[in-house]
Number of protein chains: 2
Amino acid sequence: MYRIGELAKQCDVKADTLRFYEKHGLLAPSTRSESGYRLYNQDDVARLRFILRAKAVGFTLNEITELLSIELDKANWACADVKGMVDNKLEQVQIKIAELTQFANSLQHLSNACCGGPDSAEHCSILEALESEDKQLHARNETAHKAQHVKHTKTVKAALT
Amino acid sequence: MYRIGELAKQCDVKADTLRFYEKHGLLAPSTRSESGYRLYNQDDVARLRFILRAKAVGFTLNEITELLSIELDKANWACADVKGMVDNKLEQVQIKIAELTQFANSLQHLSNACCGGPDSAEHCSILEALESEDKQLHARNETAHKAQHVKHTKTVKAALT
DNA sequence: CTTGACCTTAGATTAAACTCTAAGGTTTAT
DNA sequence: ATAAACCTTAGAGTTTAATCTAAGGTCAAG
Ligand SMILES: [Zn+2]
Ligand SMILES: [Zn+2]
Ligand SMILES: [Zn+2]
Ligand SMILES: [Zn+2]
C-alpha cells in the first residue's frame, strides 16, 4: 500500500496530479487509512501505469477514460472497438503532423529567403512576405531581396559619409 | 473604411475575434465613428492580413505581437532578429513534429498488433501492451495474440454448444 | 512537545485563442 | 415605425491538464 506521495514519487508524477486524476474519475485509491489518507494497492499502481502509458502514446485524459472503461470490462468489448480508438487517434495525430509540416515548410521558406544579416530589416523578405499576399519566397526573390539590401546598405553608407 | 462586421467578413474572421485582437493589442481600428463604431482603414486591413498570414505559418498571437513590433519599427531591427524568430519557431515546430511522429509510431505499432476483429477484447494486444510495461508489439506478438484469440473463440464456441 | 514533512479539502489560476452572454444603443430596409 | 441586422461594453465560459493556494489535520524524529 502506497500513500499518495509515495506513489507519486514511484511513478514520477505530482501528488496533485493523482488527486486530479481521482477527481476526474481516472484513478481512485482502493482504500483510505483511518485518518483519511489515500492508500493505493498494486492494482492501482498498474492502473496508473496504464494511464501513463496511454498518455505517452498521445491519448488525452478523456480518451484514456474511455480506454479504461474498456479495460475494466474487456469481455463486453471487441478488438474492433479498441483498434478503432487507436486508429482514430492515429488519424488525428497524422492530421496534426501534416498541419505542422505545412507550418515548417512555410517557415523554412521564410527563413531561406532572409539574409539573416545585421542590416536593417527595412527590406527583410520575411516581413515583406507577411505584408503582402502574393509575394513568393523562392530563390529568385532572395536575389531581389539581397539586391535591395545592397541598395539599402549603400544608402546607409551614403548617409554616413 | 470598414466597420467591424465588414472587415470580419472580408477576412473570414469573427467580429469577436477582431475585438479580441484589439483587447490584446494586436489590431486597433484607426478611427471610431461618432457613435463609437470601430472603423478600419486599408492599413488596418493590411495589418490584419499580416496577423492572419503569420498565424497561418504557425506563430502564436504572442509571437505575432513581437513580429508586429518589429514590423512597425523595421529600421531599428536587423534581418538577423527577424530570421532568428522564424528559426526559433521552426525549431519548436520541428520538435513538436518529432514528438507527434513518436506518438504516431507507437499508435501504429499498437494498431498493427491488434486483429481488429469482432472477438472479445479479453486478449487484445493493445490493452495488454498498455497493461504491462515490457510487452513488445511486433509481428511475433501478433501471432501469439491471434493464437490466444483462437483459443478464446474456441472457448466461446464450447460454451455455446 | 514541537518542528517539519506530509496529508486533507475546495476552489482559483495557468496558457491559448477565442466564443458567447447580457443588456442595451444604432442603422437600414420595408 | 418597427423589425432585422448590426453595433457597444464588460465579463464569463470553453478546452486540456494540470498546478497552486489557503486553511487546516497528522505523524515521525529529536
Ligand atoms: Zn536581409
Ligand atoms: Zn530578412
Ligand atoms: Zn484481437
Ligand atoms: Zn485487439
Side-chain angles (χ1 to χ4, degrees), chain A residues 1-40 44 47-48 50-68 88-89 92-93 95-96 99-100 103, chain B residues 1-40 44 48 50-68 89 92-93 95-96 99-100 103:
Chain A
M1 294 299 234
Y2 307 92
R3 288 187 301 180
I4 197 170
E6 293 164 347
L7 178 58
K9 196 162 290 170
Q10 196 187 120
C11 293
D12 200 29
V13 223
K14 296 229 163 116
D16 275 336
T17 303
L18 294 174
R19 291 192 205 98
F20 176 81
Y21 285 172
E22 183 172 349
K23 192 161 56 177
H24 290 76
L26 284 129
L27 175 68
S30 45
T31 42
R32 294 282 185 131
S33 75
E34 297 151 30
S35 45
Y37 284 23
R38 291 167 178 81
L39 294 175
Y40 299 87
D44 300 331
R47 181 160 173 158
L48 175 57
F50 182 99
I51 293 167
L52 297 179
R53 261 172 243 125
K55 237 168 71 70
V57 298
F59 284 104
T60 67
L61 297 190
N62 277 346
E63 290 160 345
I64 293 171
T65 302
E66 268 190 89
L67 276 175
L68 279 168
N88 268 352
K89 188 66 195 176
Q92 285 168 33
V93 171
I95 288 169
K96 192 74 196 166
E99 210 174 286
L100 288 175
F103 287 163
Chain B
M1 293 299 233
Y2 308 92
R3 288 187 301 182
I4 196 169
E6 293 165 346
L7 177 58
K9 196 161 290 170
Q10 196 188 120
C11 293
D12 199 30
V13 222
K14 297 228 163 118
D16 276 336
T17 304
L18 294 176
R19 291 190 204 99
F20 175 81
Y21 286 172
E22 182 172 348
K23 193 161 55 176
H24 289 77
L26 285 128
L27 175 68
S30 46
T31 42
R32 293 282 183 130
S33 75
E34 296 151 31
S35 45
Y37 285 22
R38 291 168 178 80
L39 294 175
Y40 299 87
D44 299 331
L48 175 57
F50 182 99
I51 293 168
L52 297 178
R53 262 172 240 123
K55 238 168 71 70
V57 298
F59 284 104
T60 67
L61 297 190
N62 277 346
E63 291 161 344
I64 293 171
T65 303
E66 268 189 88
L67 276 175
L68 279 168
K89 187 66 194 176
Q92 285 168 35
V93 170
I95 287 169
K96 191 75 195 166
E99 210 175 285
L100 287 175
F103 287 162

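Here is the naming used below: chain letters follow the sequence lines, and residue numbers restart at 1 for every chain.
- Rounded to whole angstrom, the span from the CG atom of B/Asp16 across to the P atom of D/dA10 amounts to 14 Å.
- Contact check, B/Tyr21 against C/dC18: a side-chain N or O comes under 4.0 Å of OP1 or OP2.
- When heavy atoms are screened at a 4.0 angstrom cut-off, A/Arg38 is found touching the sugar-phosphate backbone but no base atom.
- Under a 4.0 Å N-O distance rule, the pair A/Arg47/A/Asp44 does not qualify as a salt bridge.
- The distance between atom CG of A/Leu48 and atom P of D/dA18, rounded to the nearest whole Å, is 11 Å.
- Comment: B/Lys96 engages B/Glu99 in a salt bridge, judged by a side-chain N to carboxylate O separation of less than 4.0 angstrom.
- Among the nucleotides C/dT9, D/dT19, C/dT19, the one closest to any side-chain atom of A/Lys14 is D/dT19.
- A/Met1 has its CE atom 15 Å from the P atom of C/dC7, to the nearest Å.
- Taking every side-chain heavy atom of A/Thr60 into account, D/dA17 is the closest of C/dT19, D/dA17, C/dT26.
- Two residues, B/Gly5 and A/Leu61, neighbour DNA chain D, and the one matched to the more 5' nucleotide by heavy-atom proximity is B/Gly5.
- Close to D/dA17, at under 4.0 Å from its OP1 or OP2, lies no side-chain N or O of A/Thr17.
- Counting to the nearest Å, the P atom of D/dT15 and the NE2 atom of A/His24 are 12 Å from each other.
- The shortest side-chain heavy-atom distance between A/Leu26 and A/Phe20 does not fall under the 4.5 Å cut-off.
- Look at A/Arg19 and you'll find a side-chain N or O under 4.0 angstrom from OP1 or OP2 of C/dT8.
- Residues B/Ala15 and B/Ala8 share a closest heavy-atom pair of N-CB, 3.7 Å.
- Contact between the side-chain N/O atoms of B/Lys55 and the OP1/OP2 oxygens of C/dC18 is found at a separation under 4.0 Å.
- Comparing B/Phe59 and B/Arg3, the nucleotide of DNA chain C nearest to each residue sits closer to the 5' end for B/Phe59.
- Between B/Asn62 atom CG and C/dC18 atom P the separation is 12 Å, expressed in whole Å.
- Nearer the 5' end of DNA chain C, as judged by each residue's closest nucleotide, is the contact made by A/Lys9, out of B/Ser35 and A/Lys9.
- Salt bridge A/Glu22/A/Arg32: present, at least one basic N to carboxylate O contact under 4.0 Å.
- A/Leu18 places its CG atom 16 Å from the C1' atom of D/dC20, with the value rounded to the nearest Å.
- When rounded to the nearest whole Å, the span between CD1 of A/Ile4 and C1' of C/dC6 equals 11 Å.
- Following rounding to the nearest Å, A/Glu22 (CD) and D/dA17 (P) show an atom-to-atom distance of 18 Å.
- Nearest to the side chain of A/Tyr37, among C/dC7, C/dC20, C/dA17, sits C/dC7.
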